Number of protein chains: 2
Amino acid sequence: MVNGSTTVDPALREIVTQAVDDLNYVPNAAARALMTRRTDSVTLVAAEGDDRVFGDPFFAQIVRGASQELTRAGVQLSLSMTQSDLQISSLSRYLAGGHTDGVLLISEHGGHRLAEKLVEAGIPVVIGGRPLDPAVEVPYVDNDNVAGGRLAAEHLRARGCRRVATIAGPADMSAGCDRLEGFRQGLGPDFREDLVEHGLFTMASGEAAATRLFERSPDIDGIFVASDLMALGAISVIRKLGKRVPDDVAIVGFDDIELASMAEPSLTTIRQRTENQGRLMARLLLRQLGHEVDDVESEPAPSTPDGRGIVQHVDLIERESA
Amino acid sequence: MVNGSTTVDPALREIVTQAVDDLNYVPNAAARALMTRRTDSVTLVAAEGDDRVFGDPFFAQIVRGASQELTRAGVQLSLSMTQSDLQISSLSRYLAGGHTDGVLLISEHGGHRLAEKLVEAGIPVVIGGRPLDPAVEVPYVDNDNVAGGRLAAEHLRARGCRRVATIAGPADMSAGCDRLEGFRQGLGPDFREDLVEHGLFTMASGEAAATRLFERSPDIDGIFVASDLMALGAISVIRKLGKRVPDDVAIVGFDDIELASMAEPSLTTIRQRTENQGRLMARLLLRQLGHEVDDVESEPAPSTPDGRGIVQHVDLIERESA
DNA sequence: TTGTAAGCGTTATCAG
DNA sequence: CTGATAACGCTTACAA
């Protein structure tokens with residue numbers, strides 16, 4: 001009756017209801033999970049340190065989107081972040097033990113094979129971002145990073161920039177690789193390997209990368225930066241160098257975080273629909289868990305590329321910085 | 001044997017070990033929890049929307065501190081954030097069901113009585129920040145917000161400011177009230193009720209509050225802002241007004257987030273030991289759960305004020321902005 | 001050192 | 001529509 005059975009005598013129902021809040025009874029989750037083999041909760045795992053997770057609006061938006069969708073389905077969302085290998089194996093044991101019905105995995109770096117471990121353990125997983133290793137057969141939701149890189153390159157060229165550099169993301173993440181690849185494509189023959197630096201998507205790493213770039217080549221007049229946070233860092237370095245943005249150096253970022261529009265100068269950037277990515281991930285997972293969900297295909301824009309992934313469109317937002 | 005029994009015949013042990021990874025067996029968490037009545041996991045609940053939780057470095061530091069301590073004790077940390085009343089009651093049912101061994105509660109606003117509900121349900125709870133309602137008998141770890149407000153006020157006066165305003169935190173949070181109260185004490189007869197505005201600890205709310213302040217009283221020459229994020233927002237408004245910081249308007253913030261030292265001008269602020277706060281909260285909770293923990297009293301600085309709380313010292317960090 | 005049995009609080013099944 | 005009974009997978013205590 002507590003679980004909402006409708007075929008109960010009103011009198012009995014009254015008695016039970018009374019008792020329930022006299023004793024303030026709450027069904028025991030463990031016992032229930034033992035029987036039903038479900039916990040009605042899913043875990044969002046960010047393979048990243050807490051500083052990055054909390055520092056980058058990207059994560060907040062994924063959480064917001066996923067959380068909306070999960071709440072609607074009556075599923076609790078909990079977060080775990082994890083960096084060291086030690087934590088990863090302890091976490092995967094924890095999750096494999098049936099603590100959670102499914103996992104949303106984001107910011108996966110190549111190397112630690114968390115996704116595979118979870119899948120082996122029979123836990124439904126959805127990844128945010130294309131897995132670098134094509135052998136990983138896990139559904140994922142990605143953004144069209146290659147197209148984004150291309151758009152940025154084309155924009156900078158059209159603007160008349162001659163020496164165009166890039167601050168790419170980490171080489172062990174698909175977002176890092178793909179944005180760089182798109183940039184390479186977009187620039188064509190003008191692409192120069194020596195004008196590539198990598199950062200970790202953080203503001204500090206953006207500053208460091210920009211510094212290295214200008215030490216090596218002071219006459220750079222355009223940079224595609226693979227995240228807005230890094231772009232903000234790069235801009236502060238450029239200013240300290242006494243150059244103006246965008247007159248001396250034009251900048252295109254990636255993500256379209258809120259700060260991008262508020263910054264001065266406001267940041268030209270590639271917009272990706274992060275919150276929607278979180279929503280789609282949640283739906284994909286819920287579907288695996290046997291919940292009723294609106295078809296993910298009905299969403300505007302997402303197409304499917306290789307087989308089991310969904311890729312969202314991105315577009316360029318033109319603002320003051322380029 | 002799987003749980004580490006030492007009194008097992010080596011031969012048998014070998015056989016079991018073999019079988020375990022042949023079948024890749026993982027003990028079932030639900031069944032275990034059913035017996036032991038423990039899940040070896042605790043939940044950090046932030047009574048706040050995802051935008052604030054992820055936007056404010058405060059949360060990251062609490063998580064970092066707590067996570068260190070819990071990992072050491074072999075306890076998993078998971079996060080939940082919750083804003084609406086609906087989510088709160090669903091969350092408290094979820095937690096009361098035995099999904100977690102204990103709860104770390106932060107950013108509690110007055111009103112929704114999450115802490116009480118959890119305590120009634122018999123779940124160990126530790127609160128970050130003094131509960132506004134003194135009837136709530138829950139251990140907590142707070143910072144000496146009153147002293148912080150006083151320090152800020154005294155600093156601004158000593159600096160020669162004549163018309164000193166404040167952007168306080170939310171009136172339904174103890175940190176908001178206490179910092180304001182300290183400021184009032186520190187300013188003494190110079191305190192002016194009409195130079196008080198409230199914000200929500202976010203950058204945007206800091207901008208809004210500063211705007212209101214200067215509309216009402218353009219000759220303000222000093223502001224104590226109850227969070228660094230709000231202070232950053234206030235500074236940007238002040239600049240747009242064509243005034244200089246600190247020459248025309250001196251600013252003291254609160255929190256000492258990393259951005260405070262990097263901003264230009266760097267921010268004079270009240271430093272609180274947030275990461276340590278997270279650590280202490282975790283220890284207090286672990287102790288309630290019957291784990292062996294270093295005495296919390298052995299920590300540098302923390303004293304105990306009313307009875308069940310720990311209050312950390314704060315101090316003023318002098319930088320360019322005041 | 002090993003084996004056995006009881007019980008944790010649910011849900012599911014199946015007679016009444 | 002109601003009540004009894006058998007799992008679910010583990011831990012614990014006790015007997016062998």
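Chain letters run A, B, ... following the sequence lines, proteins first and then strands; every chain starts at 1. All values reported here derive from a predicted model rather than from experimental measurement.
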- Query: Who pairs with B:Asp178 by salt bridge (Lys or Arg N to Asp or Glu O under 4.0 Å), at least two apart in sequence or on another chain?
  - Reply: B:Arg130
- Message: Applying salt bridge (Lys or Arg N to Asp or Glu O under 4.0 Å) as the test, list every pair that has at least one member in residues 31-40 of chain A; sequence neighbours left out.
- Response: A:Arg38-A:Asp40
- Query: First and last nucleotide of DNA chain C touching chain B, 5' to 3', heavy-atom cut-off 4.0 Å?
  - Reply: C:dT1 to C:dG9
- Contacts to DNA chain C from residues 8-18 of chain A, heavy-atom cutoff under 4.0 Å, which residues? none
- Query: Taking only residues two or more places apart in sequence or in another chain, which ones pass side-chain contact (heavy atoms from CB on, under 4.5 Å) with A:Ala47?
  - Reply: A:His112
- Message: So if I define the base as every atom that isn't primed, P, OP1 or OP2, how would nucleotides 4-14 of chain D read as a B/S/- string at a heavy-atom cutoff under 4.0 Å?
- Response: ---BBBBB---
- Would you sort out whether B:Leu105 and B:Val126 count as a side-chain contact (heavy atoms from CB on, under 4.5 Å), showing the intermediate values? CA-CA 6 Å; B:Leu105 183 57; B:Val126 172; over 6 Å; no
- Under the side-chain contact (heavy atoms from CB on, under 4.5 Å) rule, what do A:Val103 and A:Val42 come out as? Steps first, then yes or no, please. CA-CA 6 Å; A:Val103 169; A:Val42 310; over 6 Å; no
- Task: For residues 36-56 of chain B, pull every pair meeting ring pair (Phe, Tyr, Trp, His ring centres under 6.0 Å), keeping only residues two or more places apart or in separate chains.
- Result: A:Phe54-B:Phe54
- Mind running side chain to side chain donor-acceptor pair (under 3.5 Å) on B:Asp142 and B:Gln312 for me, showing each step along the way? CA-CA 6 Å; B:Asp142 200 3; B:Gln312 301 194 109; over 6 Å; no
- Query: Are the side chains of A:Ile62 and A:Thr274 in touch, meaning some heavy atoms are under 4.5 Å apart?
  - Reply: yes
- To the nearest 10°, let me know how far the axis at one end of the helix from C:dT1-D:dA16 to C:dG16-D:dC1 is tilted from the axis at the other, five pairs an end. 40°
- Pairs satisfying ring pair (Phe, Tyr, Trp, His ring centres under 6.0 Å), at least one member in residues 117-137 of chain A, at least two apart: none
- Pairs satisfying ring pair (Phe, Tyr, Trp, His ring centres under 6.0 Å), at least one member in residues 59-106 of chain B, at least two apart: B:Tyr94-B:His99
- Among residues two or more places apart or on two chains, list those pairs meeting side-chain hydrogen bond (donor to acceptor under 3.5 Å, both in side chains) that have a residue in residues 58-77 of chain B. A:Asp50-B:Arg64, B:Gln68-B:Glu275, B:Gln68-B:Arg279, B:Glu69-B:Arg72, B:Glu69-B:Arg283
- Mind checking what makes side-chain contact (heavy atoms from CB on, under 4.5 Å) contact with B:Glu292, not counting sequence neighbours? none
